[in-house]
There are 2 protein chains.
Amino acid sequence: MSETKDKIVAMADRLVRTRGFNAFSYKDIADPLDIKNAAVHYHFPAKADLGVEVIEQEIEKFNSSTAKWKHLPEDEQLAKLVDVFRKHNGQGNICLMGSLATDFETFSPPMQTKVQEMANGIVSWLTNCLEQGRKNKRLHFKGAADARALIIMSNLQSSLLLSRVMGPSAFRRIADQLMEDLCQK
Amino acid sequence: MSETKDKIVAMADRLVRTRGFNAFSYKDIADPLDIKNAAVHYHFPAKADLGVEVIEQEIEKFNSSTAKWKHLPEDEQLAKLVDVFRKHNGQGNICLMGSLATDFETFSPPMQTKVQEMANGIVSWLTNCLEQGRKNKRLHFKGAADARALIIMSNLQSSLLLSRVMGPSAFRRIADQLMEDLCQK
DNA sequence: GTCTATATTCCGATAGAC
DNA sequence: GTCTATCGGAATATAGAC
């Protein structure tokens, strides 16, 4: 992929996380990169094309990250995931899922499908991590692993939303309590 | 308040919950009510005025609901709150907090302040409910009540977001596991 | 309080030159 | 691959008649 195209996707990713998909324009991308909106349209004819690319890159990033953690104990894998959210919190970002879920009903079918693909991938990974972690006595929780995965995902997602409104300490308090719940016997 | 004004706020509330604040227009409100966009502007000169009113009505609704539950045991008060979210889930709504937190950075200062006021009110009530519930042995959880309040709020908030993307069963699985966590000893 | 009409701005998108 | 120029449409908002 060309350098400009990369920068466009990176800028779009940032804008989705800070302002939401429907609240940024091609101009918001073009101006900081010192190009014209027509150049953005050359790489991504429609805004939905850009949205799909942002999601696809996020899916790849998630898959390559989790693959790198594969050899770690499950509690440490989970801590790595929390660290990803911690970093976003420090940058004033919300997560892609949270941002795109809010605007979901306004999306074209191809974008909706991509969002669902991303959600399913994260929940699947989390469910498997929890199941294995419980088996290996690295993680402790009650109930079904897939329900717990949904709970943890919702905690991480909303921790960034609440941090934005209530101050960044909200993230830390949620993340700390979350890991404590899962790691103490 | 006039009847038309009430209908406008109700319609705006619905649109915020289904499409997001930045993704609906005065036309989306005026058309279904069979009035013109100028009539909406008469009641709410700027869109932010309408946003503030929607939030204020939600705060009042929350306060009057929780006041009605005051005599109930804390676990039942919590179940009542979950029921409010369950109803929204059935209607395809996300919660105001979730929707407005996503768009937060795009809001004018008066609207941002109102969102923060709403968030603080909900967390305060939840924290108090949890504290009293633990004291009365109706609710069981580890750690500080205010951290647990943030966790529960994030679960409820994101349960509606995830339901939208992954199907409405996501809400039920999260809500059921949540109440089970808190109610079993 | 609601209307018609319009001002203004911005957006996504495209045509065609370079 | 990027530009200038522009189209068509939609959004927020206002002026003034009724």
Side-chain angles (χ1 to χ4, degrees), chain A residues 1-55 99-100 102-112 114-115, chain B residues 1-55 99-100 102-112 114-115:
Chain A
M1 193 178 316
S2 77
E3 201 178 330
T4 300
K5 199 170 178 180
D6 268 336
K7 288 181 186 168
I8 291 170
V9 176
M11 188 66 66
D13 181 275
R14 168 71 176 166
L15 285 165
V16 170
R17 293 180 197 268
T18 48
R19 304 179 55 87
F21 187 79
N22 289 324
F24 78 85
S25 69
Y26 274 41
K27 191 176 187 302
D28 295 324
I29 293 177
D31 285 353
L33 299 182
D34 213 37
I35 56 178
K36 299 297 167 183
N37 92 32
V40 183
H41 276 285
Y42 168 77
H43 292 286
F44 301 98
K47 200 177 176 186
D49 300 322
L50 178 53
V52 166
E53 181 63 30
V54 167
I55 302 170
S99 176
L100 298 176
T102 301
D103 296 345
F104 190 75
E105 301 288 347
T106 71
F107 294 160
S108 62
M111 257 196 82
Q112 290 189 336
K114 272 292 162 200
V115 175
Chain B
M1 192 177 318
S2 76
E3 199 179 331
T4 300
K5 198 169 177 180
D6 266 337
K7 287 182 186 167
I8 291 170
V9 176
M11 188 66 65
D13 180 276
R14 169 71 175 165
L15 285 164
V16 170
R17 294 180 196 267
T18 48
R19 304 180 56 86
F21 186 79
N22 291 323
F24 77 86
S25 70
Y26 273 39
K27 191 176 187 303
D28 294 325
I29 293 176
D31 284 353
L33 299 182
D34 213 37
I35 55 178
K36 299 299 167 182
N37 90 35
V40 183
H41 276 286
Y42 167 78
H43 292 286
F44 301 99
K47 200 178 175 185
D49 300 321
L50 178 53
V52 165
E53 181 63 30
V54 167
I55 302 169
S99 176
L100 297 176
T102 302
D103 297 345
F104 189 76
E105 302 287 349
T106 71
F107 293 160
S108 62
M111 256 195 83
Q112 290 189 336
K114 272 293 161 203
V115 176

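Computed from heavy atoms alone, side chains included, the values below leave out hydrogens, waters and symmetry copies. Computed from a prediction, not measured in an experiment: that's the story for all the values here. By convention in this document, chain letters (A, B, ...) are assigned in the order of the sequence lines, proteins followed by strands, and residues within each chain are numbered from 1.
Taking for each of B/Ser2 and B/Asn37 the nucleotide of DNA chain C with the nearest heavy atom, the 5'-most of the two is the partner of B/Ser2.
Within 4.0 Å of B/Ala39, counting heavy atoms only, lie sugar-phosphate atoms of the nucleic acid but no base atom. B/Phe24 comes within 4.0 angstrom of sugar-phosphate atoms only, judged by non-hydrogen atoms across all strands, and of no base. B/Lys47 comes within 4.0 angstrom of the backbone, heavy atoms only, and of no base.
Taking 4.0 angstrom as the limit, A/Thr4 places none of its side-chain polar atoms (N or O) nearer than this to OP1 or OP2 of D/dG1. Residue A/Tyr42 places no side-chain N or O under 4.0 Å from the OP1 or OP2 atom of D/dT2. At least one side-chain nitrogen or oxygen of A/His43 sits closer than 4.0 Å to the OP1 or OP2 atom of D/dT2. Neither OP1 nor OP2 of C/dC10 sits under 4.0 Å from any side-chain N or O of A/Ser25.
Put simply, CG on A/Leu33 is 16 Å from C1' on D/dC3, counting in whole angstrom units. When the P atom of C/dG12 is taken as reference, atom CE of A/Met111 falls 13 Å away, rounded to whole Å. One can place NZ of B/Lys5 at 11 Å from P of C/dT2, the figure rounded to the nearest angstrom. For B/Asp34 and C/dG1, the CG to P distance is 18 Å, given to the nearest whole Å. The interatomic distance linking B/Lys36 (NZ) with D/dA15 (C1') rounds to 18 Å, in whole Å. Taking atom NE2 of residue B/His41 and atom C1' of nucleotide C/dA7, one finds them 13 Å apart after rounding to whole Å. Going from atom CG of A/Leu50 over to atom P of C/dA13 covers 10 Å, rounded to whole Å. The CG-P distance, from B/Asn22 to D/dA10, rounds to 18 Å in whole Å.
The B/Ala46 side chain lies nearest to D/dA13 when the options are C/dT4, C/dC11, D/dA13. Of the candidate nucleotides D/dA13, C/dC3, D/dC3, C/dC3 has the atom lying nearest to any side-chain atom of B/Ile35.
Cation-pi geometry between A/Lys5 and A/Phe44 is met: the NZ or CZ atom falls under 6.0 Å from the ring centre, inside 45° of the normal.
Nearest heavy atom pair, residue B/Ile35 against residue B/Thr4, reads CD1-CG2, 4.2 Å.
A/Lys27 places none of its side-chain heavy atoms less than 4.5 Å from the side chain of A/Asn37.
Atoms CE and CG, on B/Met111 and B/Asp49 in that order, are 10.0 Å from each other to the nearest 0.5 Å.
Without hydrogens or angle criteria, B/Lys47 side chain to B/Phe21 main chain gives a donor-acceptor distance under 3.5 Å.
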